[in-house]
Amino acid sequence: MDRRPIGIFDSGVGGMTVLAEIKRHLPNEDLIYLGDTKNFPYGDKSRETIIKLATKCAGFLISQDVKAIVIACGTATSQALDELKKIYRIPIEGIISPTVQDIKKNRKEEKIKIGVIATEGTIKSNKWEEELNNEIENVEVISKSCPLLAPMAEQGWTSNNVAKEAIREYMKPFINKKIDKIILGCTHYPLFKELIRQELGNEVDIINTGEKVANYLQKYLLSAGIENAKEHIGESIYYLTDTECNFIQVAERLLQDETLKSKIEKINIE
Ligand code: DGL
C-alpha cells in the first residue's frame with residue numbers, strides 16, 4: 001500500500017478528461033493535477049520546448065511527493081515521455097502505450113483500420129503510427145492533425161456551430177474510409193465526442209485514451225502493491241500555472257463539481 005497521491009499533468013483542461021476516468025476507476029486514490037495553462041498550447045511547440053516544459057511539470061509533481069505520474073497529454077507523451085523516463089526514476093506513463101496495448105489485446109478484426117486525430121506536434125512525431133505498426137499486425141493507420149480543437153476546447157466551444165463545422169471538416173478524411181476505430185490522440189478531444197459520433201456514425205469505435213490509461217493504472221498500482229487503502233476516499237487538488245483562462249468553467253462542467261474553484265491554486269513552476 002502507498003498512500004501518496006498520483007500526479008497528472010497537461011497543458012490545460014484536456015487532461016481533465018483523463019483525470020475524470022482515473023477518478024472513476026480509482027476512487028480511493030488522491031490526485032494532484034497540474035495544468036500548465038501559462039504555456040498552452042503545447043500542440044504547436046517544438047519537441048525541445050515540450051521536453052523542457054514536461055520536465056518542469058514532472059519535477060513539480062515529484063516535489064509534491066507523488067507515487068506515479070500520468071502524462072495526460074498526447075503531445076507531451078509523444079515527444080517527452082522517453083526523455084522523462086531517462087531523467088526521473090518514478091513510474092511515468094503517457095496515453096499512447098496503454099491505448100495501443102488495449103487495442104492489441106481486444107482486437108477481433110482480421111485487418112484493422114484505425115484513424116488517429118491529434119495535435120500537429122503529435123502527428124508530426126509519428127509516435128501513434130509507429131507504435132500501432134510495431135504492436136499490431138495488419139493495421140492501417142490514417143492520421144490527421146486538428147490544430148483548432150484544443151484551443152476551442154479551452155474556450156468551452158465544444159458544441160456550438162463553430163465546433164460542428166470544425167469537426168465536419170476534420171472528419172472528412174475518415175468518411176467513407178470504413179475505419180474501425182478512431183483514437184482521440186489529444187486529451188482535449190473527448191470534449192467533442194458527441195459531434196465526432198454524429199459525423200462518423202455508430203459503427204466507429206471512438207477511443208478515449210483516458211479510459212485506457214485509467215485501466216492500465218488500476219492494474220499497475222495493484223501489481224506493484226502501491227494502491228491506496230480501500231476505505232480511503234480519494235481527494236483531488238488542482239494547480240494551474242495561470243488562472244486567466246476558462247479552465248474552471250470547462251472543468252466544472254466536465255467533472256460536474258461546483259466546488260472545483262476552491263481546490264485550484266495558481267503556482268509558478270519556472
Ligand atoms: N491535451 C494536449 C494533448 O493531448 C495538448 C493540447 C495542446 O496544448 O495543444 O495533446
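Counting convention: from 1, in listed order, for ligands and their atoms alike.
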Report the part of Pro41 in contact with ligand 1, treating N, CA, C, O as backbone and CB onward as side chain, heavy atoms under 4.0 Å; options are side chain, backbone, both, neither. both

Report the part of Cys73 (side chain from C-beta onward, or backbone N, CA, C, O) that has a heavy atom under 4.0 Å from ligand 1; answer both or neither where that applies. both

Is any NZ, NE, NH1 or NH2 atom of the basic residue among Glu83 and Lys86 found under 4.0 Å from an Asp or Glu carboxylate oxygen of the other? yes

Going by the atom numbers of ligand 1, which of them fall below 4.0 Å from some non-hydrogen atom of Tyr42? 7 (C), 8 (O), 9 (O)

I want to check something: taking the side chain as every heavy atom from C-beta on, are Leu221 and Asn228 in contact at a cut-off of under 4.5 Å? no

What atoms in ligand 1 come closer than 4.0 Å to a heavy atom of Ala150? 6 (C)

Report yes if the distance between the aromatic ring centroids of His188 and Tyr42 is under 6.0 Å, otherwise no. no

Distance from atom 4 (O) of ligand 1 to nearest protein heavy atom, with residue and atom: Gly74 N, 2.6 Å

Report yes or no: does a heavy atom of Gly12 sit under 4.0 Å from some atom of ligand 1? no

Test item: Ile117 and Ile196 side chains (from C-beta on) under 4.5 Å apart, heavy atoms: yes

Give the contacting part of Thr187 toward ligand 1: side chain, backbone, both or neither, where contact means a heavy-atom distance below 4.0 Å. both

Atoms of ligand 1 less than 4.0 Å from Phe40 heavy atoms? 7 (C), 8 (O)

Let me see the working for Thr119 and Thr75 under side-chain hydrogen bond (donor to acceptor under 3.5 Å, both in side chains), right down to the final yes or no. CA-CA 7 Å; Thr119 64; Thr75 312; 2.9 Å; yes

Are Tyr238 and Phe247 near enough that their ring centres are under 6.0 Å apart? no

Give the ring-plane orientation class for Tyr189 versus Phe192, where under 30° counts as parallel, over 60° as perpendicular and anything between as tilted. perpendicular

Distance-only N or O hit between ligand 1 and Gly43, under 3.5 Å: yes

So for Thr119 against ligand 1, with non-hydrogen atoms under 4.0 Å, the contacting part is side chain

Do other residues, nucleotides or ligands put more than 12 heavy atoms under 6.0 Å from the NZ atom of Lys263? yes

Taking both backbone and side-chain atoms of Thr122, is any N or O found less than 3.5 Å from an N or O belonging to ligand 1? no

Could you identify the single nearest non-hydrogen protein atom to atom 5 (C) of ligand 1 and state the distance to 0.1 Å? Ser11 OG, 3.4 Å

To the nearest 0.1 Å, how far is atom 2 (C) of ligand 1 from its closest protein heavy atom, and which atom is that? Asp10 OD1, 3.2 Å

With a 4.5 Å limit on heavy-atom distance, are the side chains of Ile207 and Thr99 in contact? yes

Among all protein heavy atoms, pick out the one at the shortest distance from atom 10 (O) of ligand 1; state its residue, atom name and that distance to 0.1 Å. Thr75 OG1, 2.6 Å

